[in-house]
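Notes for the one structure printed next.
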Amino acid sequence: MATLADLHDAGVTHGDLMLEHVIAGDHRPILCGLASAGPTTPERVAAERAALADLVADLAAGDPLLSETVADLRNPAVSLRAVARRLDTR
């Protein structure tokens, strides 16, 4: 999530966020598949947050923190950076 927040801060959206574009790294997931990347627009950011919420929901399986994360991702008032920070402190 921090990587996605970094992209958004740089004015870029991933454009095709799906499980196939997330690789398990040593300590955190690695985001790849940036062929569809483009400039941030409110619509693209909203779509990306929804896609990320769907990915996390698939992983949540009873984990209260991940369930809360899904709710936060679906709430545009909660910044992606804040969600990433909370997960990093887990």
Side-chain angles (χ1 to χ4, degrees):
M1 279 184 225
T3 302
L4 199 58
D6 291 342
L7 281 173
H8 291 179
D9 289 348
V12 176
T13 54
H14 183 277
D16 194 17
L17 195 57
M18 64 175 79
L19 189 56
E20 291 82 358
H21 291 155
V22 181
I23 299 171
D26 289 337
H27 301 286
R28 63 179 32 200
I30 298 169
L31 190 59
C32 63
L34 291 159
S36 298
T40 56
T41 65
E43 297 81 11
R44 285 178 67 104
V45 170
E48 203 144 271
R49 284 180 67 113
L52 183 57
D54 290 344
L55 286 174
V56 175
D58 288 345
L59 301 172
D63 183 318
L65 179 61
L66 290 181
S67 295
E68 183 179 340
T69 298
V70 171
D72 286 344
L73 288 170
R74 296 197 191 286
N75 180 355
V78 179
S79 78
L80 188 55
R81 180 77 56 203
V83 175
R85 271 194 301 266
R86 187 175 64 241
L87 287 174
D88 282 346
T89 61
R90 180 178 187 193

Checklist entry - Under 4.5 Å between any side-chain heavy atoms of D54 and L17, yes or no? => result no
Next on the checklist: Are L65 and R86 packed together at the side-chain level, in the sense that at least one heavy-atom pair is separated by less than 4.5 angstrom?
Outcome noted: yes
Item to check | From H21 atom NE2 to S36 atom OG, the distance as rounded to the nearest 0.5 Å | outcome: 7.5 Å
Item to check | Closest heavy-atom pair and its distance - A2, A84 | outcome: N-CB, 3.6 Å
Next on the checklist: Measuring only between side-chain heavy atoms, which start at C-beta, is D9 closer than 4.5 Å to R81?
Outcome noted: yes
Checklist entry - With a 4.5 Å heavy-atom cut-off, do L19 and D58 have their side chains touching? => result no
Item to check | Path from V70 to V22 over hydrophobic side-chain contacts below 4.5 Å | outcome: yes
Item to check | Members sharing I30's hydrophobic cluster (side chains within less than 4.5 Å) | outcome: I23
Next on the checklist: Does any part of the side chain of L73, heavy atoms only, come nearer than 4.5 Å to the side chain of L80, both counted from C-beta?
Outcome noted: yes
Checklist entry - Of L4, D72, V56, L52, which is the lone residue that meets side chain to side chain contact (heavy atoms under 4.5 Å, CB included) with V83? => result D72
Item to check | Flag, side chain of H14 to backbone of A35, donor-acceptor distance under 3.5 Å | outcome: no
Checklist entry - Are R74 and R49 side-chain neighbours, meaning at least one heavy-atom pair lies under 4.5 Å? => result no
Checklist entry - Considering the options D16, T13, L7, V12, which one meets the side chain to side chain contact (heavy atoms under 4.5 Å, CB included) requirement together with L34? => result L7
Checklist entry - Is it the case that one hydrophobic cluster holds both V45 and L55, taking links as side-chain heavy atoms less than 4.5 Å apart, direct or via other members? => result no
Checklist outcome for this item: Sequence neighbours excluded, the answer for ring pair (Phe, Tyr, Trp, His ring centres under 6.0 Å) partners of H8 is none
